[in-house]
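A quick write-up on the structure given underneath.
Order of the sequence lines fixes the chain letters, A, B, ..., with proteins taken first and strands second; residue numbering starts at 1 for each chain. Computed from a prediction, not measured in an experiment: that's the story for all the values here.
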Amino acid sequence: MHANPMPRLDLPQGTLDLLILKTVALEPRHGCAIADRIAQISAGAVQIPPGSLYPALHRLERRGWLKPQWGTSEANRKAKYYALTAAGRRQLEAEAGAWKRLTWAVGEIMESN
Amino acid sequence: MNTHDLRHRLRSLFQRSAVERELADELAHHAALRGPLRGADAVAEACRDARGVGPLETLARDLRWSWRSLFHAPGFTIPALLTLALGLGASVATYSAADSILLHPLLYPQADRLVLLRERLPMLSAAPLRVSLPDVPLMAEAGTAFTGVGASVVGKMDLSGQGAAERISVGHISSSLFPLLGVAPALGRGFTASEDHPGPHVAILSDSFWRAHFAADPNVVGRAVRMDGSAYTVIGVMPRQFQYPPAGLARYGQPAALWVPLQLTPAQLADVGDDFDYAAIARLRPQATIGEARAQMHAAAKAILDMWSAKAGPLPGLKLEVVIDPLAGQVVAETLPLMRLLFLAAGLLMILSCANVANLFLVRAAGRRREWAMRSALGAARGRIVRQSLTESALLALLAAVAGLVFAQFCLAGLAAVAPSTLPQFQALHLSSGGFGFAALLALAIGPLCGALAARSAAGDGLESALRSASPALAGSSRDARWRAALVAAQVALAFTLVCGAGLLIRSFRSALAGGGGVDAGGRTVATIALPHLEYADPANVAAWADRLRADLARQPGIESVALATNQPTNDNWDHTFTVEGRAQPPGAKLPDAQSAEVIGPYFRTLGIPVLQGRGFTASETAGHAAVVIVSATLARHYWPEQNAVGRRLKWGAADSHSPWLTVVGVVGDVKGEALDQPVSLTTYSPYRANCTADAPYQICGTLNLTAHSALPEAVVASQIRRVVAGIDPSVPVTGVQSMASLLDDSLVPRRFNTLLISFFGIAALLLAAIGLYGVLAFVVAGQRKEIAIRIALGARPASVLSTTLRRGLAWSCAGVIAGAAIAFGSRNLISGLLYGTPALDLSTWSATGALIMVTAVFACGLPAFRASRTDPQSVLRQG
C-alpha cells in the first residue's frame with residue numbers, strides 16, 4: 001500500500017501512547033486513520049499493527065486522555081473517532097517535553113567521543 | 001484510580017453489552033477498510049484487558065461462557081450433574097446421619113460426661129446386668145467423682161379417665177436423675193428429694209403426652225392423671241426434644257410417656273441382691289476422670305457384697321464388679337456397624353460418581369480438542385482456556401452441590417420414615433450445618449479435580465497436532481484412552497463391591513424370613529391383652545379371665561383353637577435361672593438360664609410348634625399347678641446331651657432354692673425368641689398357674705399374648721377377638737392384633753432397613769457404572785466412525801463390528817469385576833457381622849453379582865456397539 005523507503009522501526013516502550021496523542025491533537029480520528037497518519041508521516045517506518053493500536057486506544061480512553069466520538073468515516077460507515085481531552089492535552093505536553101529532553105540527551109551521548 | 005477511571009470501569013462492567021457492541025463495531029470498521037482482521041479474537045480480548053475490566057469481569061465472563069457451554073451440551077451436563085448430585089447427596093445424607101447419630105446421640109447437655117453404671121456377676125451372666133436398687137445408694141456414696149447417681153426403671157401403667165383404656169410406658173425415676181442429665185422441666189418443677197420417699201402421687205409429663213392428653217394446656221400443673229386407679233398430680237412438663245430412657249438403650253425400655261418418682265420403700269431397700277432391673281446413670285464432675293470413678297466403683301462393689309452377705313449370710317465365690325461405660329457409647333453401640341457400612345457405601349458411591357464425572361470430562365475434553373486448538377490458534381492464551389475449563393467444572397460442581405443438598409434432604413426424610421424406632425436419633429434427622437460444609441468442601445475439591453483432568457488434556461502439547469491431523473481428532477491421546485479405560489474399570493469394580501454387599505444382605509434377609517421362627521404362621525392371628533392392674537392384681541384372676549376368653553372365643557365361627565402365653569414368638573420377656581438335677585454346679589459359676597413361657601390352653605397345637613419327644617401339656621396340667629415343664633429342643637440337647645430329656649427334672653433358681661422339682665414331660669421345636677435373624681432361644685414352658693403365683697412379677701403375668709388358629713381371614717378373626725374381649729370387659733385394652741406372619745416379619749424391621757439402605761447404594765452404583773460404560777464406549781465409537789465406515793466399505797460384516805466393539809467394553813467390565821471381587825474380598829469382615837445364615841464368601845451371591853454386572857455391561861455397551869455396526873459407510877466417508 002505504502003512505499004517503504006525506510007526500514008520498519010520497533011517503537012520503544014511507551015512511545016506509542018505519545019504518537020497516538022500527538023496524532024489526534026489536531027483533529028479527532030478513527031483507528032485506521034491514526035495508524036495511516038503515523039505511517040505516512042514516518043514514511044512507512046512506523047507501522048502500528050491493529051493488535052497494538054486498538055488496545056492502546058482503549059487504554060488511553062480509560063485514562064481519560066482520549067474521548068470517543070461516533071461519526072461516519074470516509075468509507076461511509078459508522079466509525080469510532082478519538083478526540084484529545086484537556087487531560088490528554090496536558091499529558092501530551094508533558095510527554096512531549098520529556099521526549100524532547102530524552103532524545104536530546106540520547107543524541108548528546110551518542111555524539112560524544 | 002481517578003473518578004474517570006472508575007466511571008469507565010463501571011461502564012465496562014454494567015453496560016457490558018453496549019461496550020461489547022461498540023468494540024465489535026470498531027473492529028468491523030477496521031475490517032471494512034483493511035480487510036479481515038487477523039486474530040480478531042485476540043485483539044478484542046486485548047482491548048477488553050486494556051479497558052481494565054479486572055478479574056471480576058473476567059470471572060463473570062468465564063461463568064457466562066461456562067453456563068452457555070454446559071447448557072448447550074446436555075448430553076454431558078445432565079449425566080454429569082445427576083452423577084455428582086447422587087454421590088454428593090448420599091455423602092451429605094450419610095454425614096448428617098452420622099453427625100446426629102454418632103456425634104450427638106444424646107440430647108442432653110454435655111452428654112459426654114454421662115456414664116452408665118452396671119453390675120457384673122460372673123455367676124449369673126458374663127454380660128453386665130442392670131443394677132439392683134438397694135445398691136444404688138452405695139454407688140452414690142462411694143462415687144465422689146460423680147455429681148450424683150440417678151436410678152430409673154420403666155414400667156407399664158394403665159391410663160384411665162381419658163378416652164379408651166390405654167397401657168402407657170411410665171418411667172420411675174429418682175429425683176436426682178433429671179438435674180443430673182442437665183434438663184429442667186419446661187413447665188412446673190422437677191421432683192424433690194422428699195418425693196424419693198412414699199408420699200403424694202405426682203407426675204412429670206413428656207411433651208408428647210402433654211400435647212396428646214392435655215392439648216398442650218399451659219395450666220396443666222395441678223391437674224391429675226389417673227393411672228392404675230390412682231390420681232397423680234401433674235407437677236411439670238419436660239421440654240419438647242427430651243426423652244428418657246434415650247432411644248438406643250433398648251434394654252432399659254421405651255422412652256416414657258411420663259415420669260413418676262422412684263419411691264424407695266423400706267421393703268425395696270431390704271430386697272438386696274435381687275431385681276437387676278434398674279438403670280443407674282451418673283455424671284462425672286468437671287475435673288474427674290473415668291479412671292477415678294472406676295477405682296471408686298471398685299470400693300462400691302466391695303461395700304455392696306458386704307451388704308449382701310450381711311443380709312443373706314456368707315456368699316463364697318460370689319464376685320461382683322461395677323462396670324462404668326460412657327452413656328453415649330452404649331446408645332450408639334448397636335448402630336455402629338450399620339453406620340460404618342453406610343459410610344463405606346457412601347464413600348464408594350462418592351468415589352464412583354467422581355470417577356464417572358472425571359471420565360465424562362475427559363471424553364468432553366477430547367471432543368473439544370479441535371475447538372480449543374482453534375481458539376488457541378486464534379490467539380486465546382492457553383491460561384485462559386485452562387481457566388475457562390476450570391470455571392466450567394467448578395460451576396458444574398456448584399450446581400451439583402445444590403442438587404445434592406436437595407437430594408440429601410429427601411434421603412434423610414426417607415431414612416427417618418423407614419427407620420425402626422429403636423435406632424437412636426433417626427426420627428430427628430436433619431441436614432446438619434456440618435453437612436452443608438461437607439458438601440461445599442466436596443464440591444470445591446471435586447470441581448478442580450475433574451477440571452484438572454480435562455484442563456491437563458486441553459493444555460497438553462497436542463493442540464497443534466489436533467488441528468494438523470486430517471481427521472477430527474476425537475479419540476484424544478492414547479494417554480487419555482488409558483485413563484478412561486482405568487476409570488471405567490474402577491467404576492465397575494466399585495459397583496461390584498456395593499452390589500455384592502447388597503446381595504449378601506438380601507440373601508440374609510431371605511434366609512432369616514425362610515427360617516420361619518419355629519412356628520406355623522398360617523392362619524394364626526395374635527393379639528396382646530393387658531389386664532388392668534387394679535382389678536386383676538392376682539394372677540389367679542388373670543387365669544380365670546383367660547379361661548373365659550378362651551371359651552367365648554372358641555364359640556366364634558371358624559376358630560379352631562386358642563391359647564395364651566406370657567410371651568410371644570420374637571417377644572421374649574422373662575428369663576429364669578434354673579438348676580438341672582444331677583448336673584454339677586461349680587461354686588460361683590453362672591446358673592443356667594432360659595426364657596420362660598407360661599401357657600394357658602393348647603399352646604403348641606395352636607402355634608404349630610412340633611412336639612418332638614414326650615407330649616404337650618394335658619388340659620388338666622394347664623388348668624392347675626402341676627409340677628411339669630416342657631423344654632425346647634436346643635435346651636434339651638444342651639443340658640441332657642445324648643439322652644432323652646423326658647422324665648428328667650429341673651427346678652427354678654439355685655439347687656438350694658425352695659422351688660419344687662419339675663419333671664420334663666416333653667421336648668418341643670425351637671422358637672425364635674428375639675427376632676427371626678437372631679439365634680433360637682432356650683425356652684422352658686410351664687402351666688400359667690404354676691409359675692404365675694401371687695408373688696410373681698405382675699409386669700409379666702398381667703399381660704397375655706393370645707394366638708388364635710382359624711381358617712377365616714385375619715381381619716375377621718381380629719374383629720372376633722376385639723368383640724369377645726370387649727364383651728367380657730370393655731376396659732381391657734387389646735393391642736398388637738395382627739397375623740403371626742406380620743409379627744414375625746416385624747422382628748426383621750432393622751434388618752430390612754439395613755438391606756434397603758445398602759440396596760439403594762448398590763442400585764445407584766450399578767446405574768453409575770452403566771452410565772460410565774455407555775458414555776465412554778459411545779465416545780470411542782464416535783471417534784472411530786471413519787475407521788469403522790472404511791472397514792464396512794471393505795466388506796466387514798456388521799456382526800463383526802458389533803462384536804469387536806462389544807468385546808472392548810466387556811474387557812473393561814471383566815477387569816472391573818475382577819478388581820471388585822478383590823476389594824469385596826478384602827473388605828468382607830466389614831459386612832460379616834450383619835449377615836444371617838449367609839457366609840460373607842457366599843459363592844452364589846458372588847457369582848450372581850458378577851453375572852448381574854456383566855449383563856448390565858452387555859446392555860450398556862450393546863447400544864453403542866449396535867450403533868457402530870449400523871454405520872453407513874457412504875454417508876460417513878462422504879463427509880470427508
Report the residues that fulfil side chain to side chain contact (heavy atoms under 4.5 Å, CB included) with Ala56(A), sequence neighbours left out, ordered by chain and then residue number.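 So Ala56(A) forms a side chain to side chain contact (heavy atoms under 4.5 Å, CB included) with Leu16(A), Asp17(A), Ile20(A), Arg59(A).
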Can you name the side chain to side chain contact (heavy atoms under 4.5 Å, CB included) partners of Ala44(B), sequence neighbours left out? Leu23(B), Leu27(B), Arg48(B)
For Leu53(A), is it the side chain, the backbone, both or neither that has a heavy atom under 4.5 Å from a heavy atom of chain B?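 When you check distances to chain B, no heavy atom of Leu53(A) falls under 4.5 Å.
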Applying a criterion of heavy atom separation less than 4.5 Å, what residues of residues 76-92 of chain A form contacts with chain B?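 When heavy atoms of chain B are the reference, residues 76-92 of chain A contributes Arg77(A), Lys78(A), Ala79(A), Lys80(A), Tyr82(A) within the under-4.5 Å range.
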With a sphere of 6.0 Å drawn around CH2 of Trp67(B), does it hold more than 12 non-hydrogen atoms of other residues, nucleotides or ligands? no
Can you name the closest pair of heavy atoms from Val43(B) and Gly51(A) and give their distance? CG2-CA, 3.8 Å
Minimum-distance pair of heavy atoms, taken over all atoms of Pro55(A) and Cys47(B):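 Answer, listing the atom of Pro55(A) first, then Cys47(B): N-SG, 3.5 Å.
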I would like to know whether Val19(B) and His58(A) meet side-chain contact (heavy atoms from CB on, under 4.5 Å); could you show each step before the answer? CA-CA 11 Å; Val19(B) 169; His58(A) 283 264; over 6 Å; no
Per the side chain to side chain donor-acceptor pair (under 3.5 Å) rule, what does the pair list look like for residues 102-111 of chain A, sequence neighbours excluded? none
Could you state the interatomic distance from NE2 (His29(B)) to SG (Cys32(A)), rounded to the nearest 0.5 Å? 6.0 Å
